[in-house]
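The next block holds one structure in the form of structure tokens; read it before the comments.
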There are 2 protein chains.
Amino acid sequence: MNDEHWTIGRMCEEFGVTPRTLRFYEAKELLSPVREGQKRLFTRRDRARLKLILQGKRFGYSLEEIRQLLNLYYINDQQATQISRTYELGQKHLTAMIAKRDELNEAIAEFQEKLSWGEQVLASKGVKKAAE
Amino acid sequence: MNDEHWTIGRMCEEFGVTPRTLRFYEAKELLSPVREGQKRLFTRRDRARLKLILQGKRFGYSLEEIRQLLNLYYINDQQATQISRTYELGQKHLTAMIAKRDELNEAIAEFQEKLSWGEQVLASKGVKKAAE
DNA sequence: GGAAAAGTTTACGTTCACGTCAACCGGTTG
DNA sequence: CAACCGGTTGACGTGAACGTAAACTTTTCC
């Protein structure tokens, strides 16, 4: 009800997931909604994390990997002795993301080549393209 | 033995997968090695497809999705009546790849921001960075 | 105030992507 | 020729990421 708290139903509606999924993520310690009696109430923090979780999934990370990565987003929550280590891991993650993007760019370029090659085949056979 | 044929063992060594994986991919019709008696012999085509399969996995695609996508890479193998449709699907895939790259770029930018913010926290606390 | 809606826990089921035996075949090598 | 090495086919096992059904409480709505 509160401006800063959302029920499981509203969360599901908004993010296109099922209640089971959110409870599962809580069990795996990816989310940590507060309780009002029995009911879960998801916070602003949970929403931010869920966005990152779903994004991570789209990029092919496992939930366990995502759980680790989420910590990198909350450096300020860490123990002083751990911050430096977290920062290093963050750098590594950044490097990995960039590498992934570069590989994706290459894949895009190669696929574009294949496609334009296929386009020529279509033309030579006199087949109409969708846009014509 | 032949220059254009590779045993399952050599394939595994080269691509860092297990025999089980390659047999599984064959069962799912992602690969189609020829036979020399009982033995599988993987072709140049299989190698190209395997590269794409492993790449697809890194980008978070399921094997079934990858199977579909692989067909887009072999337009010339299609029936004339199907080529046009395949080409359209190829365009869609290209669009999706580009969207994914853009999302990845945004994620990279946001994470970089978080990181440099964490860097400031480190500095303010007088914690040494790894590179210093 | 009584039904329906929304939430809860518990627990077993399912799909995907392989892992892990067991039992077998066919070269080759000491 | 025995003993491996590399390959084969079943077939059952497994971890991840949920789905699904049952049985129950709590809110909401008319």
Side-chain angles (χ1 to χ4, degrees), chain A residues 1-44 46-47 49-71 96 100, chain B residues 1-44 46-47 49-71:
Chain A
M1 287 299 168
N2 190 303
D3 240 21
E4 292 294 305
H5 292 117
W6 292 263
T7 69
I8 201 169
R10 291 200 61 68
M11 290 289 283
C12 291
E13 194 181 348
E14 193 173 339
F15 289 94
V17 297
T18 70
R20 179 69 177 92
T21 299
L22 295 184
R23 295 189 192 110
F24 185 74
Y25 290 170
E26 183 188 6
K28 293 288 175 178
E29 301 184 43
L30 293 164
L31 301 176
S32 44
V34 299
R35 298 299 175 114
E36 184 185 61
Q38 284 260 88
K39 290 188 180 172
R40 289 166 178 81
L41 287 179
F42 294 85
T43 68
R44 181 159 290 281
D46 290 313
R47 294 165 57 84
R49 291 172 73 94
L50 183 51
K51 264 185 85 172
L52 289 169
I53 293 167
L54 298 177
Q55 189 167 86
K57 292 205 72 189
R58 283 196 293 278
F59 293 144
Y61 294 103
S62 73
L63 290 185
E64 175 54 25
E65 286 172 317
I66 291 171
R67 198 182 63 79
Q68 316 265 351
L69 295 176
L70 279 174
N71 293 329
K100 191 168 237 179
Chain B
M1 285 296 170
N2 190 302
D3 241 23
E4 292 293 305
H5 293 117
W6 293 262
T7 69
I8 203 170
R10 291 199 60 69
M11 290 290 284
C12 291
E13 195 182 347
E14 193 174 339
F15 290 94
V17 297
T18 70
R20 180 68 177 93
T21 299
L22 295 183
R23 297 191 191 110
F24 185 73
Y25 291 171
E26 184 189 6
K28 293 286 175 181
E29 300 184 44
L30 293 164
L31 301 176
S32 44
V34 298
R35 297 300 175 114
E36 184 185 59
Q38 282 261 87
K39 290 185 181 175
R40 287 168 179 80
L41 288 179
F42 294 86
T43 67
R44 181 160 291 281
D46 289 315
R47 294 165 58 84
R49 291 173 73 93
L50 183 51
K51 264 185 84 172
L52 289 170
I53 292 167
L54 298 177
Q55 189 168 86
K57 292 204 69 187
R58 283 195 292 279
F59 294 145
Y61 293 102
S62 73
L63 291 186
E64 175 53 24
E65 285 172 317
I66 292 171
R67 197 182 63 80
Q68 316 266 351
L69 294 177
L70 279 175
N71 293 329

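So you know, we letter chains A, B, ... as the sequences are listed, proteins then strands, and number each from 1. The structure presented is a predicted model; accordingly, all values stated were derived computationally and were not measured.
- By the side chain to side chain donor-acceptor pair (under 3.5 Å) test, A:Ser32 pairs with no residue at all, sequence neighbours left out.
- Helix bend of the helix from C:dG1-D:dC30 to C:dG30-D:dC1: the angle between its two end axes, each built from five pairs, comes to 10° after rounding to 10°.
- Listed by chain and number, the residues in a side-chain contact (heavy atoms from CB on, under 4.5 Å) with B:Glu14 are B:Arg47 (sequence neighbours excluded).
- Note: CD (A:Gln38) to P (C:dT8) measures 8 Å, nearest angstrom.
- Between the CD atom of A:Glu26 and the C1' atom of C:dT8 there is a distance of 11 Å, given to the nearest Å.
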With B for base contact, S for sugar-phosphate-only contact and - for none (protein heavy atoms under 4.0 Å), nucleotides 14-20 of chain D reads ---BBBB
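- Listed here is the closest heavy atom pair of B:Leu50 and B:Leu31: N-CD2, 4.0 Å.
- With rounding to the nearest 0.5 Å, the separation of CG in A:Leu69 from CZ in A:Arg49 is 11.0 Å.
- Here A:Arg44 pairs with A:Glu4 under the side chain to side chain donor-acceptor pair (under 3.5 Å) rule; sequence neighbours left out.
- The side chain to side chain donor-acceptor pair (under 3.5 Å) test applied to B:Arg58 returns A:Glu103, not counting sequence neighbours.
- Taken to the nearest 0.5 Å, the CG atom of B:Leu52 stands 12.0 Å off from the OH atom of B:Tyr61.
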If you restrict it to nitrogen or oxygen atoms, what contacts under 3.5 Å exist between nucleotides 2-4 of chain C and the protein, and what is each distance?
none

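- B:Thr18 meets the side-chain contact (heavy atoms from CB on, under 4.5 Å) test with B:Arg20, B:Thr21; sequence neighbours excluded.
- Residues satisfying the side-chain contact (heavy atoms from CB on, under 4.5 Å) test with B:Gln68, not counting sequence neighbours, are B:Glu64.
- For A:Glu26, the side chain to side chain donor-acceptor pair (under 3.5 Å) partners at least two apart in sequence or on another chain are A:Arg35, A:Arg40.
- A:Arg23 comes within 4.0 angstrom of a nucleotide base, judged by non-hydrogen atoms across all strands.
- At whole-Å resolution of the value, CD1 in B:Ile66 and C1' in C:dC18 are 14 Å apart.
- B:Leu30 is linked by a side-chain contact (heavy atoms from CB on, under 4.5 Å) to B:Tyr25, B:Lys28, B:Ile53, B:Leu63, B:Ile66, B:Arg67, B:Leu70, counting only residues two or more places apart in sequence or in another chain.
- To the nearest 0.5 Å, atom CH2 of residue A:Trp6 and atom OG1 of residue A:Thr43 are 7.5 Å apart.
- At the phosphate of D:dT9, OP1 or OP2 sits under 4.0 Å from a side-chain N or O atom of B:Arg40.
- In this entry the distance linking CD of A:Glu36 with C1' of C:dT8 reads 14 Å, nearest Å.
- The shortest distance between side-chain heavy atoms of B:Leu22 and B:Phe42 falls below 4.5 Å.
- The CD1 atom of B:Ile53 sits 15 Å away from the C1' atom of C:dC16 (whole-angstrom rounding).
- Within residues 9-17 of chain A, the residues having any heavy atom closer than 4.0 Å to DNA chain C are, in order of number, A:Gly9.
- A pairwise comparison of heavy atoms in A:Cys12 and A:Pro19 identifies SG-N, 3.3 Å as the closest pair.
- To the nearest angstrom, C1' of C:dA6 lies 6 Å from NZ of A:Lys39.
- As a whole-Å value, the separation of A:Trp6 CH2 from C:dG7 P is 15 Å.
- Atom P of nucleotide C:dG26 and atom CG of B:Leu41 are separated by 16 Å, given to the nearest angstrom.
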